[in-house]
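Comments concern the structure below.
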Amino acid sequence: MNLTILGCHSATPTASAHPTAQVLEIKGRLFLIDCGEGTQMQLRKYRVKYSRIRHIFISHLHGDHFYGLVGLISTFLLLGREAELHIYGPKGIKQAILLLLKLGKAYTNYPLYFHELEETTPQLIFEDDKVSVETIPLDHRVYTNGFLFKEKPDDRKLDIEKARKLNIDLSYFNKIKQGFDVENRDGKLIPNKEITFDPPPPKSYAYCSDTAYYPEIVPQIEGATVLYHESTFLEEHHHLCEKTKHSTAKEAGVIARKANVGTLILGHYSGRYGNLELFRREAQEVFDNVELAEDGKVFTF
Ligand SMILES: [Zn+2]
């Protein structure tokens, strides 16, 4: 599982601080999460093979999370894209994007599907044989969802040596990987556990931005391999959180601790702070394993 941070800053883009966008590579799928202004330049800069993106997940309709979307859609058109593109985002996103394309007479030549969201409880919005994606309803000034990406468990790993020794027919190997007990050539039933290893535990990634401190999400993200949680402010500016419905680094740390996640990644920093290490230090008062998102940084889990 690789996470490439394309942008991790809030509000206004600057030459060195890009608004929110990230690419998650999970089980060979490439998902774009949020698409702030300039995302397509960042995709090029960090050499992401972005023609492979088939699914884009938009958390909410604040500009710093989706103003790059119409640009990316029209670039795909200019590049002659033929593959389907699916966009998941709040109700209204279809109208917003299609109006801009229509006014410029720029209709896509590839199938473009919108999956509009308006539920306030977690919904399964994508699933294939390897991965599932659920919404994580958040608490922000406008309707907002985070997203929980989960790997499905792999097949069991075959212990070939052992299976040969126990005189098992090779044609059973696929059944064994799926967890079945099988008979060997002598007619003896061999329990699956004797000839397989457990597969590695499935990984998961919880993306939570933007949101006020919202412990209601904890049961859903419990035990996630990685949690990205916004930390727009430090505690010294806690009073700004109430009005803007954002979180502090410490609050992100508390969510990570309550949910017992593996790693916490902080991001969505307000432009008022010069030293991002202060965010790490503050979150580490309550949770040890804290990483700082930076534009262009790649995390591997
Ligand atoms: Zn926002």
Side-chain angles (χ1 to χ4, degrees), residues 3 5-14 17-24 31-39 42 56-72 87-97 100 114-120 122-123 125 135-148 205-217 220-221 227-235 237-252 255 264-273 276 279 283 292-295:
L3 179 70
I5 307 293
L6 301 170
C8 59
H9 298 267
S10 68
T12 320
T14 68
H18 293 266
T20 302
Q22 31 184 272
V23 172
L24 179 70
F31 295 130
L32 179 62
I33 308 166
D34 278 338
C35 190
E37 200 176 329
T39 295
Q42 295 293 84
I56 301 177
F57 298 87
I58 301 293
S59 62
H60 65 301
L61 298 182
H62 280 155
D64 56 339
H65 292 255
F66 97 110
Y67 280 179
L69 186 57
V70 73
L72 183 61
I87 293 166
Y88 307 76
K91 190 172 167 56
I93 193 168
K94 180 177 178 178
Q95 192 189 2
I97 297 296
L100 289 169
F114 290 90
H115 306 264
E116 294 198 310
L117 309 172
E118 50 186 333
E119 301 289 336
T120 52
Q123 305 289 315
I125 53 170
T135 57
I136 308 171
L138 298 172
D139 178 20
H140 194 40
R141 303 196 301 283
V142 294
Y143 175 72
T144 303
N145 289 295
F147 301 102
L148 179 60
Y205 174 58
Y207 170 84
C208 296
S209 186
D210 295 355
T211 187
Y213 174 69
Y214 193 51
E216 281 81 347
I217 64 176
Q220 192 187 0
I221 64 171
L227 166 65
Y228 176 93
H229 195 289
E230 74 129 281
S231 55
T232 308
F233 301 112
L234 295 171
E235 281 292 315
H237 295 113
H238 190 273
H239 58 285
L240 296 176
C241 290
E242 284 133 47
K243 201 172 75 186
T244 59
K245 293 261 189 181
H246 284 300
S247 307
T248 65
K250 189 169 185 179
E251 288 171 331
I255 296 288
L264 168 65
I265 303 177
L266 297 175
H268 201 264
Y269 318 110
S270 157
R272 76 191 63 230
Y273 305 105
L276 298 183
F279 284 83
L292 295 177
E294 282 169 39
D295 297 358

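We count ligands from 1, going down the list as the structure has it; atoms in each ligand are counted the same way. Worth saying up front: this structure is predicted, and the values here are computed from it rather than measured. Hydrogens, waters and symmetry mates play no part in the numbers below; they use all other heavy atoms, side chains included.
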### Message
Report whether any nitrogen, oxygen or sulfur of D64 sits less than 2.8 Å from the Zn ion (ligand 1) (N, O or S, backbone or side chain).
### Response
no
### Task
Report yes or no: does H65 have an N/O/S atom closer than 2.8 Å to the Zn ion (ligand 1)?
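Within the cut-off used here (under 2.8 Å), H65 places no N, O or S atom near the Zn ion (ligand 1).
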### Query
Side chains of H229 and H268: is there a donor and an acceptor less than 3.5 Å apart?
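Distance-only check fails for H229 and H268.
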#### Entry: Angular separation of NE2 (H60) and NE2 (H140) seen from the Zn ion (ligand 1), to 10°
100°
#### Entry: Check ion pair D210-K245 (N to O, under 4.0 angstrom)
no
### Task
Please find out if less than 6.0 Å separates the ring center of Y269 from that of F279.
yes
### Message
Under 6.0 Å between ring centres: does that hold for Y273 and H237?
### Response
yes
### Task
Check all N, O or S atoms of H62 and name the one closest to the Zn ion (ligand 1).
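Looking at H62, the N, O or S atom with the least distance to the Zn ion (ligand 1) is ND1.
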### N/O/S atom name from D210 that is nearest to the position of the Zn ion (ligand 1)
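Looking at D210, the N, O or S atom with the least distance to the Zn ion (ligand 1) is OD2.
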#### Entry: Parallel, tilted or perpendicular: ring planes of H62 versus H60, cut at 30 and 60 degrees
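Rings of H62 and H60: perpendicular, over 60°.
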